[in-house]
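I have placed the structure first, in the form of structure tokens, so that the comments after it can refer back to it.
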Amino acid sequence: MERYDARAIEEKWQAEWAREGAFAVANPEPGTEDDRRHFYMLEMLPYPSGSLHMGHVLNYTLGDVVTHFHRRNGSTVLRPMGFDSFGLPAENAAIKEGGNPLEITERSIAAIENQMRRMGWAIDWAREVSAHEPTYYRWTQWLFLRLLEHGLAYRKEAPVNWCPNDQTVLSNEHVVDGRCWRCGAVVEARNMEQWFFKITAYSDELLDDLETIDWPERTKKIQRQHIGRSEGAELLFRIDELDRDVAVFTTRPDTVFGATFFVVAPESPLVDELVDGTDRADEVRAYARIAAARPTEERASREKTGVFTGRHAINPANGERLPIWVADYVLMQYGTGAIMAVPAHDERDREFAQTYELPIVPVIDDGGSLINSGRFDGLAWREAIVAITQWLSEQGKGKSAINYHLRDWSFSRQRYWGCPIPVVYCDDHGIVPVPDDELPVLLPEVENYRPKGEPPLAQATDWINVPCPRCGKPGRREADTMDTFVDSSWYFLRYTDPHDESAPFDRRVADYWMPIDQYIGGIDHAKGHLLYSRFFVKALNDLGLLGFREPFQRLFHQGWVKLGGKKMSKSQGGVTPDELIDRFGADPIRIYILFQGPADQDIDWTPDGIDATVRFVRRLWRIVHEAAERPASPPGVDTALARKAHEVIARVTDDIERRFVFNTPISAVMELINELSKAPDDPAARFAAETAVSLLQPYVPHVAEELWAVLGHSRLWEEPWPAADESLLQRDTVQLVLQVNGKVRDRVEVPVGLSEAELVERAKASPKVQAHLNGKEVRAIVVPDKLVNLVV
RNA sequence: GCCGGGGUGGCGAAACGGGUAAACGCGCCCGGCUUAAAACCGGGUGUCCCUCGAGGACAUGGGGGUUCGACUCCCUCCCCCGGCACCA
């Protein structure tokens with residue numbers, strides 16, 4: 001028996017798989033019926049940041065087990081890999097350390113790809129794509145132009161989140177607690193012209209279709225909450241001085257009789273209209289300017305402030321004149337930017353009313369019935385919502401309405417290392433799309449990546465000054481680049497047809513593989529990537545480019561791998577995959593990371609346990625070698641060891657397939673190995689060894705392949721998954737648990753299938769049970785083949 | 001504040017439809033092999049009590065409940081992690 005040499009074995013089989021193209025899969029042939037059972041397995045693609053970390057190792061090893069499992073169960077499994085290779089870190093590194101983002105990125109990709117190969121993951125490398133390659137971003141641009149044509153991409157001036165550190169706009173999804181998700185700087189509010197995707201056009205569908213996909217409930221909740229649909233009414237308040245009606249959104253139209261004042265957001269254009277030409281104009285405008293400029297977070301945490309405009313609005317329900325205030329607690333982005341204030345029944349309105357001594361009129365009593373509400377007095381508030389909305393709508397003073405928290409996705413970034421937005425600004429023609437046949441608009445080289453009040457691309461004068469594609473007069477290219485989340489909103493489609501030079505993908509091929517059968521990635525993408533991708537697929541479906549409306553049919557979130565309580569992100573000393581592979585081998589690392597606990601649970605990284613998995617692999621190695629000396633087990637061999645092997649097959653299969661748990665299968669195979677080591681002469685010894693190796697193959701593909709050869713076989717990666725023999729899963733005898741008053745007093749071995757009376761008899765025969773009965777009368781609870789509980 | 005998820009030995013965990021709590025592994029203890037150590041192999045290991053047994057009691061964050069029987073179901077409280085948060 002040779003010594004277990006992880007490095008030699010791993011290099012040998014990795015070379016073999018690469019030579020064979022073992023994990024490459026073919027697309028369906030055009031014009032023929034493709035009846036392959038197929039499965040699209042995908043993990044979120046990595047950002048190339050120099051090295052993988054243990055979180056990646058968990059993520060991709062999980063996907064690898066699923067990939068092998070489905071392959072060996074007869075599916076053609078598409079399992080590609082690529083790189084989310086545009087983005088700020090490479091650009092910031094270039095600014096800080098010199099070099100250029102392209103070179104930095106490609107060096108990282110090469111390093112990570114090497115790590116991935118060394119981990120032995122079963123990836124179809126022929127489909128590799130990276131977002132920064134012109135052959136990829138050409139099609140990102142092409143898709144953008146399609147969305148632009150259909151009004152789903154547009155440009156407008158709007159209040160946006162500005163990160164002063166990264167010198168760029170951020171989407172709402174990437175402002176966390178008022179800070180930039182990437183660098184942590186406090187985000188400022190700015191009014192800027194920006195590009196947006198009209199994701200809000202899909203609010204309802206993004207919400208409703210969550211019912212059709214198999215995702216963790218918590219992820220659906222995060223998306224539902226983010227979309228934030230609320231039902232209510234839009235009510236019209238007359239402002240006589242302006243001779244017009246102003247709409248407000250409320251979820252509680254039943255409280256309209258309790259509205260005692262009216263509030264407008266400081267950013268609202270209404271502010272100017274209201275005070276223009278009045279003696280309060282200066283004071284109100286000054287307040288509005290200061291209040292609107294405050295960071296959103298600060299605005300939420302400090303005491304509410306406001307100023308009276310001198311104007312009034314008419315309550316549509318009772319005709320009362322309500323003073324109009326401008327106050328910082330009303331937000332422009334939600335509803336209409338103006339509210340009716342009902343201080344008796346809204347905490348924020350009450351706080352404000354108390355500060356500024358405004359009247360408070362209760363309109364709902366303790367029993368939930370309306371008061372002070374004219375003809376609606378006595379009505380339950382829930383019914384009043386309907387009744388009052390209808391009453392006002394009959395008079396043309398309101399209607400039922402729905403509002404959402406979700407806002408359009410701002411995707412232009414004032415940075416260099418991203419996909420150029422393929423439009424030209426022309427004085428005569430405005431925004432002019434670059435014609436499809438001129439794509440890609442290549443990212444030019446620039447001298448300096450640091451933004452200086454304008455995006456770095458604005459400095460590339462040769463590049464930016466181009467004739468208008470429509471009229472030929474001088475024009476200017478868009479200098480903003482796209483958010484990298486645009487790149488990752490369709491990469492899974494490109495994988496299906498990665499070398500297509502005439503289209504981003506072939507609809508026939510995309511429809512064949514998609515939707516993704518199993519997607520695995522972090523829950524931190526719940527309202528970013530996972531929402532944007534759903535939007536993209538829905539939009540592309542509406543454009544006729546795809547035949548499905550959801551990208552990820554089934555989703556799983558792996559837990560965090562933490563170091564000292566903190567999420568592992570960058571490479572940390574001593575725990576890069578490279579160093580660990582050198583010390584222990586890829587197989588032990590793979591099994592270690594999955595053996596720690598349930599894969600969706602966070603794990604604290606300690607290298608301690610890896611020794612134990614190395615030990616286990618060596619033990620497996622030795623015991624399988626010993627078993628290989630034994631004669632082949634006869635087919636259908638029926639011994640205790642054979643039965644154990646079949647039981648383990650059933651457990652492992654069920655765990656991976658139905659329960660989607662990956663730690664307990666390892667335990668189960670360990671049990672089998674333990675029994676085999678205690679019964680080396682059992683006629684089923686060799687069968688037990690073969691079973692153990694076969695079941696572990698998805699976890700430790702290299703050593704499993706080597707041991708499979710030792711057992712006289714070949715090509716385990718193509719071997720059908722073992723099937724448990726049902727007849728050998730049946731037991732002849734079972735351990736019967738004997739309880740007295742619910743406490744276990746004895747256990748006896750009995751034949752399967754005894755009647756209840758027989759089981760009770762066996763129970764009463766036990767001396768230990770008798771000792772606790774003292775001859776008293778009993779009632780028996782019987783669970784056949786399992787338990788008898790005698791109740792005194 | 002609202003909405004999720006969780007709390008089981010010294011540690012990571014298992015127990016999947018209410019039916020043997022702690023499988024599997026780590027650590028630790030004892031023994032074997034060895035000149036020795038490592039490696040490897042075998043055995044033990046929830047806590048407490050005693051008369052040391054084929055003994056007993058107590059044990060799944062705290063308290064209560066349902067049940068013959070609860071880690072599992074219900075109520076309540078505490079703690080940890082995550083999401084949202086002036087959303088009208």
Side-chain angles (χ1 to χ4, degrees), chain A residues 176-177 216-226 228-230 232 248-252 255 259 263 265 296-297 299-304 327-331 333-342 345-349 351-352 403-407 523-524 526-527 559-560 562 565 592 595-598 600-604 606 608-613 615-616 618-619 622 651 654-655 658-659 661 663-671 673-674 677-678 735-747 766-768 771 778-783 786-792:
Chain A
V176 179
D177 295 333
E217 202 45 45
R218 61 191 169 135
T219 315
K220 292 187 181 184
K221 284 240 160 78
I222 290 172
Q223 291 208 346
R224 282 192 197 108
Q225 194 173 244
H226 186 67
R229 177 183 155 113
S230 53
V248 303
F249 175 75
T250 176
T251 55
R252 297 296 303 275
T255 64
V263 190
T296 348
E297 196 191 30
R299 224 164 119 175
S301 58
R302 59 191 289 153
E303 210 152 287
K304 299 171 180 34
D328 57 359
Y329 79 96
V330 172
L331 306 175
Q333 309 94 293
Y334 187 73
T336 63
I339 63 155
M340 66 173 199
V342 185
H345 303 290
D346 182 284
E347 236 177 273
R348 298 150 301 177
D349 295 344
E351 195 187 321
F352 191 80
N403 240 292
Y404 303 87
H405 296 343
L406 184 68
R407 299 201 252 291
I523 194 170
D524 49 331
K527 59 189 176 124
W560 302 123
K562 294 178 167 179
Y592 168 77
F595 188 56
Q596 289 310 294
D600 55 357
Q601 191 173 296
D602 294 354
I603 53 183
D604 274 306
T606 58
D608 302 348
I610 304 186
D611 289 327
T613 46
R615 222 177 302 158
F616 169 68
R618 278 205 284 255
R619 183 170 149 84
R622 180 176 56 81
R651 270 166 63 189
D654 187 57
D655 279 355
R658 179 180 65 84
R659 299 181 65 208
V661 298
N663 52 332
T664 47
I666 301 169
S667 302
V669 177
M670 284 174 170
E671 285 179 33
I673 294 291
N674 289 346
S677 81
K678 282 175 189 150
Q735 200 174 55
L736 185 70
V737 174
L738 306 181
Q739 296 182 332
V740 177
N741 289 332
K743 286 191 198 294
V744 178
R745 295 304 177 184
D746 201 2
R747 305 173 172 104
S766 159
K768 288 190 203 168
V778 292
R779 178 159 80 88
I781 314 280
V782 180
V783 183
K786 204 162 212 172
L787 169 143
V788 175
N789 184 12
L790 299 175
V791 184
V792 176

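Order of the sequence lines fixes the chain letters, A, B, ..., with proteins taken first and strands second; residue numbering starts at 1 for each chain.
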(request) Find the distance A/L331:CG to B/rA88:C1' and express it as a whole number of Å. (result) 9 Å

(request) Tell which nucleotide pairs with B/rA13, taking only Watson-Crick or G-U wobble pairs whose two distances are both under 3.5 angstrom. (result) none

(request) Please report the closest heavy-atom contact between A/V792 and A/N741, naming both atoms and the distance. (result) N-OD1, 3.0 Å

(message) Name the residue from A/D349, A/V263, A/T255, A/D346 that meets the side chain to side chain contact (heavy atoms under 4.5 Å, CB included) definition with A/M340.
(response) A/T255

Check nucleotides 18-20 of chain B against the protein and report each pair of N or O atoms closer than 3.5 Å, with its distance, or say if there are none.
from: B/rG19; atom 1: N2; to: A/Q739; atom 2: OE1; distance (Å): 3.3
from: B/rU20; atom 1: O2; to: A/R747; atom 2: NE; distance (Å): 2.4
from: B/rU20; atom 1: O2; to: A/R747; atom 2: NH2; distance (Å): 3.2
from: B/rU20; atom 1: N3; to: A/Q735; atom 2: OE1; distance (Å): 2.9
from: B/rU20; atom 1: O4; to: A/Q735; atom 2: OE1; distance (Å): 3.2

(message) When both hydrogen-bonding distances must be under 3.5 Å and the geometry is Watson-Crick or G-U wobble, what is B/rG1 paired with, if anything?
(response) B/rC84

(request) Please determine, for B/rA39, whether a Watson-Crick or G-U wobble partner exists with both distances under 3.5 Å, and give it or none. (result) none

(request) Flag the pair A/R779 / A/I781 as yes when at least one side-chain heavy-atom distance between them is below 4.5 Å, and no otherwise. (result) yes

(request) Check whether any side-chain N or O of A/R659 sits under 4.0 Å from OP1 or OP2 of B/rA15, and answer yes or no. (result) yes

(message) Tell me the interatomic distance from A/D654, atom CG, to B/rA15, atom C1', rounded to whole angstroms.
(response) 14 Å

(request) Summarise protein proximity over nucleotides 4-13 of chain B in one line of letters, 5' to 3': B for base, S for sugar-phosphate only, - for none, counting protein heavy atoms closer than 4.0 Å. (result) S-------BS

(message) I want to check one thing: is the phosphate of B/rC16, taken as OP1 and OP2, less than 4.0 Å away from some side-chain N or O of A/R651?
(response) no

(request) For A/R622, enumerate each residue passing the side chain to side chain contact (heavy atoms under 4.5 Å, CB included) test, keeping only those at least two apart in sequence or located in another chain. (result) A/M1, A/R619, A/E626

(request) Provide the Watson-Crick or G-U wobble partner of B/rC28, both distances under 3.5 Å; none if there is no partner. (result) B/rG44

(message) Anti or syn, where syn is a glycosidic angle within 90° of 0; which label fits B/rG42?
(response) anti

(message) Roughly how many Å apart are B/rU8 and B/rC80, using the P atom of each and rounding to a whole number?
(response) 14 Å

Could you run down the sub-3.5 Å N/O contacts of the protein with nucleotides 55-57 of chain B?
from: B/rG56; atom 1: OP1; to: A/H772; atom 2: NE2; distance (Å): 3.3
from: B/rA57; atom 1: OP1; to: A/R745; atom 2: NH2; distance (Å): 3.4
from: B/rA57; atom 1: OP2; to: A/R745; atom 2: NH1; distance (Å): 3.3

(request) For A/F249, check ring pair (Phe, Tyr, Trp, His ring centres under 6.0 Å) against everything at least two apart and list the hits. (result) none

Check: protein-nucleotides 29-33 of chain B nitrogen or oxygen pairs below 3.5 Å:
none

